[in-house]
S.K.: 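First, the structure itself, so that you have it in front of you.
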Amino acid sequence: MHASAVIVGTARVASAPFETIVRRREAQVMRIAFRILGNWADAEDVAQETFLRLHRHGTGFRDEAALGSWLYRVTVNLCFDRTRVAKPVAEMPELRAAGISAESSVIRDQAKEKLMAALATLPARERAAVVLREIEGLTTAEVAEVLGSSEVTVRSQISKALGRLRGILHREEI
Amino acid sequence: MTEEDIRGLFREMREDSVPADSMARVRMRITERTATWRRWKRAALVIAPLCLLVLAVALWRPMSPRIVLPPVLPVRVEPAVMRPEPPPAQVVRRKQVARRRPPEQPVLIRIETPDPDVVILLVGN
């Protein structure tokens, strides 16, 4: 499911059992953590801590959007805490897209690997903005809410980040 | 690589799946931790009322027993015997002691006359 669709979604599971929420959201939380941190070990730790915080906080959210927003915010903040301690390691993604032929998959995977490695060089906040906006598909307003900054700042961060990524990938091609 | 290519790759990444073993590990760790938390919560639910009960017993004081008064028996009132009044106590009169006054000073009146060599002095007791 598209992430922004989840955030703007209806009040389906405002007070769903904790285990249900974990099952439905764990992949999303882990994906964000992995994209920001660059390795699965840290992403696992962040996902675990996020859900333990959810357990302590309780699952009685106003609606699905409130839950999604809360999860994004906690995940990103935990990632920021980790990036302050250690620089992200651009571990090559083990994520595999389904439904792509072997050859094109290899080419796309190489491109993704390069992109991920370039992404890992960006400052944490820019990286988070790109991950949430471009990969998770949140709107600029939603990203601004998660990061606790203005929409203008987010737009500027994404624009700067994309420029840097293009520059890095261009240098690699040469 | 153009910006559109980058955005396209990012869009593809949305569909990427997370390694199953990673998810399983996270789920297992969460289950363990929440189970521990649940055990503590259950223990607290049992222990808290027990503590309250012990506290209540410790603070409880039984009410003081009611004092039962014996029945009042009629008492025969005997006529009061007139006793002779005791003689009035002797009043000791104190000898009044005259207050000592300070010795009176003689009054001196000085009258000056127009003549500077003549001054009239009046002395009175």
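Note on naming: letters A, B, ... go to the chains in the order of the sequence lines (proteins, then strands), and numbering restarts at 1 for each one.
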S.K.: Please check if B:Leu50 and B:Val54 belong to a single hydrophobic cluster, counting links between Ile, Leu, Val, Met, Phe, Trp and Tyr side chain heavy atoms closer than 4.5 Å.
M.R.: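 They do not share one cluster, since no chain of ILVMFWY contacts under 4.5 Å joins B:Leu50 to B:Val54.
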S.K.: Tell me, please, which residues at least two apart from B:Arg7 pass side-chain hydrogen bond (donor to acceptor under 3.5 Å, both in side chains).
M.R.: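 Once residues adjacent in sequence are excluded, the partners of B:Arg7 under the side-chain hydrogen bond (donor to acceptor under 3.5 Å, both in side chains) criterion are A:Glu134, B:Glu3.
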S.K.: Membership question, hydrophobic clusters at under 4.5 Å side-chain separation (ILVMFWY): are A:Leu67 and A:Leu52 in the same one?
M.R.: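 No, it is not one cluster - the side chains of A:Leu52 and A:Leu67 are not joined through contacts under 4.5 Å.
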S.K.: Compare every heavy atom of A:Gly137 with every heavy atom of B:Arg14, then report the nearest pair and how far apart it is.
M.R.: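 Heavy atoms of B:Arg14 and A:Gly137 come nearest at NH2-CA, 3.6 Å.
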S.K.: How far does CZ of A:Arg166 sit from CD1 of B:Ile6, to the nearest 0.5 angstrom?
M.R.: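 Answer for the CZ-CD1 pair, A:Arg166 versus B:Ile6, is 6.5 Å.
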S.K.: Under a 4.0 Å threshold between the charged nitrogen and the carboxylate oxygen, would B:Asp16 count as salt-bridged to A:Lys112?
M.R.: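 A salt bridge links A:Lys112 with B:Asp16.
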S.K.: Can you tell me how far the CG atom of B:Leu9 sits from the CG atom of A:Leu119, to the nearest 0.5 Å?
M.R.: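 Reported to 0.5 Å precision, the distance equals 11.5 Å.
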S.K.: So B:Asp21 and A:Trp40, do their side chains get closer than 4.5 Å, heavy atoms only?
M.R.: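 Contact flag for A:Trp40/B:Asp21 side chains = no.
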S.K.: For residues 109-118 of chain B, run the donor-acceptor check on the side chains, cut-off 3.5 Å, and write out each pair with its distance to 0.1 Å, sequence neighbours left out.
M.R.:
residue, atom, partner, partner atom, Å
B:Arg110, NE, B:Glu112, OE2, 3.4
B:Thr113, OG1, B:Asp115, O, 2.9
B:Thr113, OG1, B:Val118, O, 2.5
B:Asp115, OD1, B:Asp117, N, 3.1

S.K.: Looking at A:Ile135 and B:Met13, what are the two nearest heavy atoms and their distance?
M.R.: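 Between these two residues, the closest heavy atoms are CD1-SD, 3.9 Å.
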S.K.: Side chain, backbone, both or neither: which part of A:Val131 has an atom under 4.5 Å from a heavy atom of chain B?
M.R.: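 Neither part.
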S.K.: Tell me every residue that passes side chain to side chain contact (heavy atoms under 4.5 Å, CB included) with A:Arg53, counting only those two or more places apart in sequence or in another chain.
M.R.: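 Side chain to side chain contact (heavy atoms under 4.5 Å, CB included) check on A:Arg53 returns A:Glu49, A:Arg56, A:Trp70, A:Val74, A:Leu78.
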S.K.: Could you measure the distance from the CZ atom of A:Arg35 to the CZ atom of B:Phe10? Nearest 0.5 Å is fine.
M.R.: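 Nearest 0.5 Å value for the CZ-CZ distance: 9.0 Å.
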S.K.: Which residues in residues 23-44 of chain B have a heavy atom less than 4.5 Å from any heavy atom of chain A?
M.R.: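 B:Met23, B:Arg25, B:Val26, B:Arg27, B:Arg29, B:Ile30, B:Arg33, B:Thr34, B:Trp37, B:Arg38 fall under the 4.5 Å cut-off.
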S.K.: Rounded to the nearest 0.5 Å, how far apart are CE of A:Met30 and OG of B:Ser17?
M.R.: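 Between A:Met30 CE and B:Ser17 OG, I get 11.5 Å after rounding to 0.5 Å.
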